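Worksheet: the structure to be examined is printed underneath.
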Amino acid sequence: MDLLSFLKSKFGFSAFRPGQEEVIRSLLDGKDTLAMLATGTGKSLCYQLPAYLLDGSCIIVSPLLSLMQDQTEQMKMRGEKSVVALNSFLTGPEREAALAHLGAFKFIFVSPEMLHNRYVLGKLKTIRTALFAVDEAHCISQWGHDFRPEYLNLGEVRKQLGTPLTLALTATATEQVRDDICKYLGLKDPNRFIYSVNRPNIAIKIDRIPSYREKEEKLVAYAKNLQKPGIIYFSSKKAAEEMAARLRQEGIAEAAAYHSGIDQEQRILIQQQFIYGQIKIICATSAFGMGVDKADIRFVIHFHLPLQMEAYLQEIGRAGRDGLPSIAVLLYTEGDERLPLQLIEAELPTDAQLAAFSRWKGDLKEAGAALGCTEPQLRFLLHHRVLNLPEEAWTREVAAIRNERMAYKRRKLKEMVQMVRSSSCRRSEILRYFGEPPAAGNEACCDICGLETALYESNQKSGGTLETVPAWELLLQDLFRKGEQKWHEENRRI
DNA sequence: CGTGAGGTAATTATTTACCTCACGGTGCGATAAT
């Protein structure tokens, strides 16, 4: 099969990016496949292309509504009309119409929660599924155990659908997480295509700062001096808001905050303005980033400590997709691990909550409020209520599960802290975490190996070019970017 | 744990100093139907 000419005629690309062809051939051979490809290397092609060559529909499990909307829009722009996103954006009648003619769609995007709905799943069972693709598959492991438990149910969904050919896609997963993905999807001995997570053009810097106040000042200085655009990550909505306001006050740049507390429309607007260059700095929580496809982000700063290396890597990986030099800075003050620790603890129920829940006789919907649970805590309790045990035994049993999960999360945080405190090459530490060999020498590696921060500052170019580029040109650049991108990225098969 | 908001006392009246307390991230779907 001449895949290359098909690629050319259907998608207009003249060559595959690293990994794409192997993944596609694996699927066309009928093998379940796990693919870990660096961010922005065109993962969606890995399910789109084979879907055309297979008989039946392609179901794509996607974690975010905005991601589904973006993907369907892009496909429609390319001329593919046989696409639907089954989610709560559909009105009742729209949804009915879509469900009545599911088989007519080549591509069906759907959330794990929607797949949990028996009626929807029943409809999906009636059509021929050629390919079951799970996008951002690390979410299974990262979110499935508590935050979004429907993710753990995907294996059962897959079985219900008649165990179709399956593709799991991700950009960041350790060996253990990859095993988790296979386990929960019920993949037996899939082909695995694993590429390096290394992004050589992103320099890594970790600053140890004596106090919170000094950290703020340092951050403002970075925001002033570094080449923009950039993202600053916070673990608190309030801190993100306050810093955005402060940056505006100091007249540094067009700065805006982005977090889950901002209403949906406003969030979309801010993201668009950032992509088209009207906003230069985003002060964000972890809500920002997935699916943000902007090539020229020059810096990512962490004001707070991420909860795990995977999150850190994903967040810094949003810089420098154009292959140009970019920098990731993490500001660390002794004791910063307390905040993520707090967040972790609020995810799982306390002993008191477990005991109270085991004795709960009222309406389950009221239990959360009565016990003072956060939403993840309540989900955890509800998820485990099926264990048919007497009160005390149940409490003991579920407490053990909780403890194990808590220990796992603490371990992940500890690994993050160890990297930050370590005095060996940052890049090699990250690679080691993902089971890769150390970094091969790179002149702009990290603060340990030696780094010239001035290279990333905007006064290098006296004035910079971005300010003088008119908006229409940015728009054009963006359109071209979507068409053809060159990656100077080293993609090492391991 | 560290921050910020809000309260209270202090020996003079508006301000300061100190205390206590709450808070801290991520998203789907949301009625019923086969």
Side-chain angles (χ1 to χ4, degrees), chain A residues 61-69 85-93 95-100 102 109-127 136 138-154 160 209-216 233-243 257-264 267 283-291 302-308 310-312 314-315 332-348 365 372 374-379 409 413 417:
Chain A
V61 182
S62 175
L64 298 181
L65 298 179
S66 60
L67 219 55
M68 291 188 224
Q69 299 303 112
L86 280 184
N87 58 39
S88 58
F89 282 180
L90 295 181
T91 62
R95 189 174 150 183
E96 273 317 308
L99 288 175
L102 270 184
F109 287 86
V110 66
S111 66
E113 286 81 1
M114 198 57 108
L115 284 173
H116 200 65
N117 180 315
R118 292 175 66 196
Y119 178 62
V120 172
L121 185 59
K123 290 289 190 188
L124 282 167
K125 278 163 78 171
T126 64
I127 66 165
E136 309 287 356
H138 59 276
C139 293
I140 293 172
S141 179
Q142 194 174 316
W143 284 348
H145 297 280
D146 31 54
F147 186 50
R148 292 177 69 178
E150 285 81 2
Y151 256 107
L152 288 197
N153 196 235
L154 288 180
Q160 295 275 317
I209 307 202
S211 75
Y212 187 87
R213 286 274 173 248
E214 287 166 89
K215 213 161 80 161
E216 284 181 329
Y233 278 106
F234 298 84
S235 297
S236 142
K237 299 181 216 176
K238 208 164 97 187
E241 289 276 358
E242 283 169 3
M243 188 48 71
Y258 185 107
H259 54 73
S260 69
I262 294 168
D263 77 79
Q264 194 69 25
R267 280 168 69 169
C283 295
T285 60
S286 56
F288 185 78
M290 211 186 263
H302 281 89
F303 185 77
H304 287 132
L305 199 64
L307 275 72
Q308 50 178 55
E310 283 93 328
Y312 175 66
Q314 277 183 8
E315 286 162 2
Y332 176 75
T333 297
E334 206 69 37
D336 273 0
E337 51 278 11
R338 302 291 168 170
L339 175 52
L341 205 57
Q342 275 310 115
L343 294 174
I344 287 169
E345 276 169 12
E347 276 179 327
L348 295 162
K365 286 189 176 120
T374 61
E375 207 185 336
Q377 287 173 328
L378 181 61
R379 278 179 181 279
K409 283 168 186 267
L413 176 59
V417 174

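Numbered from 1 within each chain, the chains take letters A, B, ... in sequence-line order. A quick note: this is a predicted structure, and the numbers were derived from the prediction, not measured.
Here dT26(B) is the nucleotide among dT26(B), dG27(B), dG29(B) with the atom lying nearest to any side-chain atom of Ser286(A). Side-chain atoms of Gln342(A) lie closest to dG24(B) of the nucleotides dG24(B), dC28(B), dT26(B). Looking at the side chain of Tyr212(A), the nearest of the listed nucleotides dG25(B), dG24(B), dG2(B) is dG2(B). If you check dT26(B), dG29(B), dG25(B) against the side chain of Ser260(A), the one that comes closest is dT26(B). Between dG24(B), dG29(B), dG25(B), one nucleotide has an atom nearer to the side chain of Lys237(A) than all others, and that is dG25(B).
Residue Glu96(A) is classed as a base contact, given a heavy-atom separation below 4.0 Å to a base. No contact: Gln142(A) has no heavy atom under 4.0 Å from any strand. Residue Phe147(A) is in base contact, counting any heavy-atom pair closer than 4.0 Å across all strands shown. Within the nucleic acid shown, Leu99(A) has no heavy atom closer than 4.0 Å to any nucleic acid atom. Using a 4.0 Å heavy-atom distance criterion, Asn87(A) is classed as a sugar-phosphate-only contact. Among the protein residues, Glu150(A) comes within range of no part of the nucleic acid, since none of its heavy atoms lies under 4.0 Å from any strand. Among the protein residues, His304(A) comes within range of no part of the nucleic acid, since none of its heavy atoms lies under 4.0 Å from any strand.
Proximity of Ser88(A) to the phosphate of dC28(B): no side-chain N or O atom is located under 4.0 Å from OP1 or OP2. Look at Ser111(A) and you'll find a side-chain N or O under 4.0 angstrom from OP1 or OP2 of dG29(B). Phosphate contact (OP1/OP2 of dG25(B), side-chain N/O of Ser236(A), threshold under 4.0 Å): present. Here Arg379(A) does not reach the OP1 or OP2 of dT26(B): none of its side-chain N or O atoms lies under 4.0 Å away. Listed pair Thr285(A) / dG25(B) fails the phosphate criterion, with no side-chain N or O lying under 4.0 Å from OP1 or OP2. Dashed line: the shortest gap from a side-chain N or O of Arg213(A) to OP1 or OP2 of dG4(B) is under 4.0 Å. OP1 or OP2 of dA30(B) sits under 4.0 Å from a side-chain N or O of Asn117(A). Taking side-chain N and O atoms only, Arg95(A) has a distance below 4.0 Å to OP1 or OP2 of dA30(B).
Without hydrogens or angle criteria, Thr374(A) side chain to Glu347(A) main chain gives no donor-acceptor distance under 3.5 Å. The closest donor-acceptor contact from the side chain of Tyr233(A) to the backbone of Phe288(A) lies under 3.5 Å. Formation of a donor-acceptor pair under 3.5 Å by the Thr126(A) side chain with backbone atoms of Lys123(A) is found in this model.
With a glycosidic angle no further than 90° from 0, dA13(B) counts as syn.
Nucleotide dT34(B) forms no Watson-Crick or G-U wobble pair with any nucleotide shown, as no partner meets the under 3.5 Å limit on both distances. Nucleotide dT12(B) forms a pair with no other nucleotide shown, judged by Watson-Crick or G-U wobble geometry with both contacts under 3.5 Å. Using N1 to N3 plus N6-O4 or O6-N4 for Watson-Crick, or N1-O2 and O6-N3 for G-U wobble, each under 3.5 Å, dG6(B) pairs with dC19(B).
The distance between the ring centers of Tyr212(A) and Phe303(A) falls below 6.0 angstrom.
Comment: Lys237(A) does not engage Glu241(A) in a salt bridge, judged by the lack of any side-chain N to carboxylate O separation of less than 4.0 angstrom.
Atom-to-atom, CG of Leu124(A) to P of dT34(B) comes out at 16 Å; the value is rounded to the nearest Å. What separates CD1 of Ile344(A) from P of dC1(B) is a distance of 16 Å, to the nearest Å. Spacing between atom CD of Glu242(A) and atom P of dA5(B) amounts to 7 Å, rounded to whole angstrom units. Spacing between atom CG of Leu341(A) and atom P of dC1(B) amounts to 11 Å, rounded to whole angstrom units. As a whole-Å value, the separation of Leu90(A) CG from dC28(B) C1' is 14 Å. At whole-Å resolution of the value, CZ in Phe288(A) and P in dG27(B) are 13 Å apart. Atom NE2 of His259(A) and atom C1' of dG25(B) are 11 Å apart (whole Å). Here dT3(B) presents its C1' atom at 7 Å from NZ of Lys238(A), a figure rounded to the nearest Å.
If you find the closest nucleotide of DNA chain B to Glu113(A) and to Gly122(A), the one lying nearer the 5' end belongs to Glu113(A). Heavy-atom distances to DNA chain B give each of Lys123(A) and Leu86(A) a nearest nucleotide, and the one nearer the 5′ end belongs to Leu86(A).
Comparing dG25(B) with dA5(B), their P atoms are spaced 15 Å from each other, to the whole Å. With P as the reference atom, dG7(B) and dG29(B) are 41 Å apart, rounded to whole Å. Here the separation of dC18(B) from dT14(B), taken at their P atoms, is 22 Å to the nearest Å. Separation of the C1' atoms belonging to dG27(B) and dA22(B) is 25 Å when rounded to the nearest angstrom. dT11(B) and dT16(B) are spaced 14 Å apart, taking the C1' atom of each and rounding to whole Å.
Relative orientation of the Tyr312(A) and His302(A) rings is tilted, given thresholds of 30° and 60° on the angle between their planes.
By the 5.5 angstrom centroid cut-off and the 30-degree plane limit, Tyr119(A) is classified as not stacked against the base of dA32(B).
Residues Leu99(A) and Leu86(A) form a side-chain contact, since some pair of their non-hydrogen atoms from C-beta on lies under 4.5 Å apart. Contact check for Glu216(A) versus Met243(A): side-chain heavy atoms found under the 4.5 Å cut-off.
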